[in-house]
Amino acid sequence: MIKGGRVVDPRSGIDDILDVLVERGEIMGIAPQINAENAVTIDASNKVVTPGLIDMHVHFRQPGRHEYKETIRTGSRAAAKGGFTTVVCEPNTVPPIDSKRRIKAVLDIAKSESIVNLYTKECITKGMRGKELVNIEEGVKQGAVAITDDGFPVRSIDLIEAAAKEAARFGIPICPHCEESRLRGRKEALVRRHYNSEAEYIKRDIHVVRDTKCSFHFPHVSLAKSITYIARAKQEGLPVTAEATPHHFTLTEQDATEIGPNAIVNPPLRTARDVEAIKKALHDNIIDVIATDHAPHAYYEKMSNKPPFGIIGVETSLGIVLTYLVQPGILSLNSAIEKMTVNPAKSLNIKRGELRIGMPADITIIDLNREWVVDVNEFESKGRNCPFNGWKLKGRAVMTIVGGRIVMDRGKIYDPPTEDPRLLQQLTLPI
Ligand code: DOR
């Protein structure tokens with residue numbers, strides 16, 4: 001029993017002081033003053049109780065040659081610490097997730113290693129080489145929830161159209177990476193036209209949406225210009241959703257120069273004008289989802305002459321959202337939670353992200369008043385590439401519950417999730 005918390009469930013519109021009763025991994029009741037005499041009680045007074053947070057864009061690097069950067073175990077522990085109950089992994093492992101065999105491998109590892117719910121995307125093209133489509137039907141049957149060539153735009157219009165037709169047939173969205181990666185290191189990368197290429201790819205892909213009716217979810221939108229195109233597509237009623245990362249709505253290219261390698265990311269940090277446009281688009285619901293693009297790299301790699309692109313985010317995302325979007329009034333608490341729960345679930349067609357009787361008991365308990373300082377040395381992630389180290393934040397997840405089992409309690413990770421009655425006794429104390 002989670003007693004007396006402020007229950008915020010954007011899907012149903014609930015925002016009230018209520019009790020939540022959980023039994024055998026499912027939500028059994030949401031009401032004022034539920035009586036359940038034998039229930040273990042968690043006192044959630046002065047806390048916010050929300051659907052478990054969902055991060056639809058993480059790199060957990062397993063299986064494959066990049067497990068030294070992160071594994072499903074370390075990534076899922078980091079997610080639980082940040083209040084996430086569900087993550088969706090990118091397929092750019094080495095080798096990439098581009099077949100049903102590789103999808104199965106990720107999901108099999110997750111069964112024993114992940115303490116949060118874990119889904120995976122599949123590549124759009126074999127080896128993410130932009131030449132030959134994967135077998136989308138097989139991928140979907142094996143459990144892929146979306147397709148993406150993470151880090152690379154699909155340059156061929158014919159190929160992206162063919163992918164969209166197949167994806168629409170099997171009911172999954174495409175998450176196109178509208179990035180400049182393939183220009184990296186070339187002369188063109190220096191000219192201004194390059195700066196707009198995210199927006200140009202988005203514009204092209206919106207035509208594909210119109211022609212194929214396939215849903216597109218635009219990840220880590222970083223430019224004001226991209227938002228203009230997405231807003232128009234939404235006005236037209238096209239099935240598009242969009243996402244922003246905490247680093248793109250808090251940091252500018254100027255900050256990137258000061259921070260150094262830990263702010264090197266793709267898409268890059270942009271101008272102050274772009275940052276303002278993203279915040280406005282979050283407010284106006286042009287951007288539906290907040291996701292981290294959690295991209296861990298080894299410390300020595302980030303400190304090298306050629307630091308790889310990427311910022312980690314699952315342990316700081318909620319604190320950044322509460323401090324930089326909710327407290328200044330850019331987003332209401334309800335809207336912020338919506339963008340971290342039900343909206344990502346909707347864009348991927350997964351049945352999560354709401355507090356409803358009969359749903360899996362994925363729940364996050366948040367202390368809005370908890371002040372804390374980001375310290376990368378306390379992270380569960382293997383990554384330390386966080387540009388927010390040392391930032392003072394207000395608001396933090398204090399408990400993460402996945403399928404009715406506690407995986408994080410006031411910062412302590414329970415791996416495997418706990419059903420230890422001695423621990424549960426302690427939960428009758430206020431958290
Ligand atoms: O910064 C990034 N890092 N952007 C990407 O698209 C890929 C990611 C990674 O895998 O490290």
Side-chain angles (χ1 to χ4, degrees), residues 55-72 74-75 78 87-98 106 120-125 127-130 146-155 174-185 189 194 197-198 201-202 205 217-223 226 242-251 253 255-256 259-270 289 291-304 306-314 316-317 381-388:
D55 190 343
M56 65 176 289
H57 194 152
V58 303
H59 298 266
F60 283 0
R61 313 287 192 207
Q62 195 177 5
R65 292 200 285 282
H66 282 174
E67 288 171 28
Y68 65 94
K69 297 177 193 249
E70 193 78 291
T71 61
I72 285 177
T74 56
V87 294
V88 184
C89 289
E90 296 302 295
N92 68 334
T93 47
V94 182
I97 310 299
D98 61 0
V106 181
T120 188
K121 298 175 190 167
E122 188 185 17
C123 304
I124 301 173
T125 65
M128 300 195 305
R129 282 188 291 271
I147 49 172
T148 179
D149 275 0
D150 188 294
F152 301 106
V154 175
R155 288 195 292 179
I174 296 189
C175 305
H177 271 239
C178 301
E179 296 172 17
E180 300 95 346
S181 327
R182 295 232 159 127
L183 296 176
R184 219 185 279 160
H194 155 84
S197 84
E198 171 187 287
Y201 271 114
I202 288 177
D205 286 350
H217 171 82
F218 295 107
H220 45 44
V221 172
S222 66
L223 289 176
S226 308
E243 156 197 311
T245 69
H247 45 273
H248 287 116
F249 64 71
T250 50
L251 298 171
E253 57 192 8
D255 299 321
I259 296 166
N262 287 336
I264 292 181
V265 67
N266 211 3
L269 301 178
R270 308 289 194 174
V289 171
T292 65
D293 193 9
H294 178 84
H297 294 288
Y299 180 76
Y300 71 86
E301 293 173 318
K302 273 295 201 185
M303 295 306 136
S304 71
K306 272 194 165 181
F309 297 87
I311 286 176
I312 53 172
V314 289
T316 46
S317 180
S381 170
K382 286 190 191 182
R384 295 290 178 267
N385 47 314
C386 169
F388 307 117

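Basis for what follows: all heavy atoms, side chains included, without hydrogens, waters or symmetry-related copies. Counting convention: from 1, in listed order, for ligands and their atoms alike.
- Given atom 7 (C) of ligand 1, the protein heavy atom at minimum distance is Asp150 OD1, 3.3 Å.
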In sequence, state the C-alpha distance, the side-chain angles, and the governing distance for Asn262 and Arg384, and then conclude on side chain to side chain contact (heavy atoms under 4.5 Å, CB included).
CA-CA 8 Å; Asn262 287 336; Arg384 295 290 178 267; over 6 Å; no
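- Annotation: Val265 places no N or O atom under 3.5 Å from an N or O atom of ligand 1; distance criterion only.
- Residue Glu90 does not touch ligand 1, judged by heavy-atom distances below 4.0 Å.
- No hydrogens or angles considered: nothing links the side chains of Thr93 and Arg61 as a donor-acceptor pair under 3.5 Å.
- Here the heavy atom of the protein found nearest to atom 4 (N) of ligand 1 is Asn266 O, 2.8 Å.
- Counting non-hydrogen atoms of other residues, nucleotides and ligands closer than 6.0 Å to OH of Tyr68 gives a total above 12.
- Side-chain atoms of Thr71 and Glu67 form no donor-acceptor pair, as typed in the model, at a separation below 3.5 Å.
- The Asn92 neighbourhood of ligand 1 comprises atoms 9 (C), 10 (O), with distances under 4.0 Å to a heavy atom of that residue.
- In terms of polar-atom proximity, Phe309 is counted as a contact of ligand 1, with an N or O under 3.5 Å from an N or O of the ligand.
- Any N or O atom pair closer than 3.5 Å counts here, and His220 shares no such pair with ligand 1.
- At a heavy-atom cutoff of 4.0 Å, ligand 1 is contacted by the side chain of Arg61 but not by its backbone.
- For ligand 1, the atoms closer than 4.0 angstrom to any heavy atom of Gly151 are 6 (O).
- Annotation for Pro176 and Pro219: closest pair O-CD, 3.1 Å, computed over non-hydrogen atoms.
- Remark: ligand 1 atoms within the under-4.0 Å shell around heavy atoms of His177 are 6 (O).
- Annotation: the span from Ile312 atom CD1 to Asn385 atom CG amounts to 5.0 Å, rounded to 0.5 Å.
- Taking the centre of each ring, His57 and His220 come in below the 6.0 Å mark.
- Taking every non-hydrogen atom of His297 and a distance limit under 4.0 Å, the qualifying atoms of ligand 1 come out as 11 (O).
- Proximity of Ile311 to ligand 1, defined as any heavy-atom pair under 4.0 Å, is not found for any part of the residue.
- Residues Asp149 and His177 have side chains that never bring a donor and an acceptor to within less than 3.5 angstrom of each other.
- Counting the atoms of ligand 1 from 1 in the order shown, those under 4.0 Å from a heavy atom of Glu179 are 6 (O).
- Of all the atoms in ligand 1, the ones that sit under 4.0 Å from a non-hydrogen atom of Ala295 are 3 (N), 8 (C), 9 (C), 11 (O).
- Side-chain contact annotation: His297 with Lys69, donor-acceptor N/O pair under 3.5 Å present.
- Here the shortest heavy-atom distance to atom 8 (C) of ligand 1, taken over His247, His59, His57, belongs to His59.
- The minimum heavy-atom distance between Pro267 and Ser222, with the atom names listed, is CB-OG, 3.6 Å.
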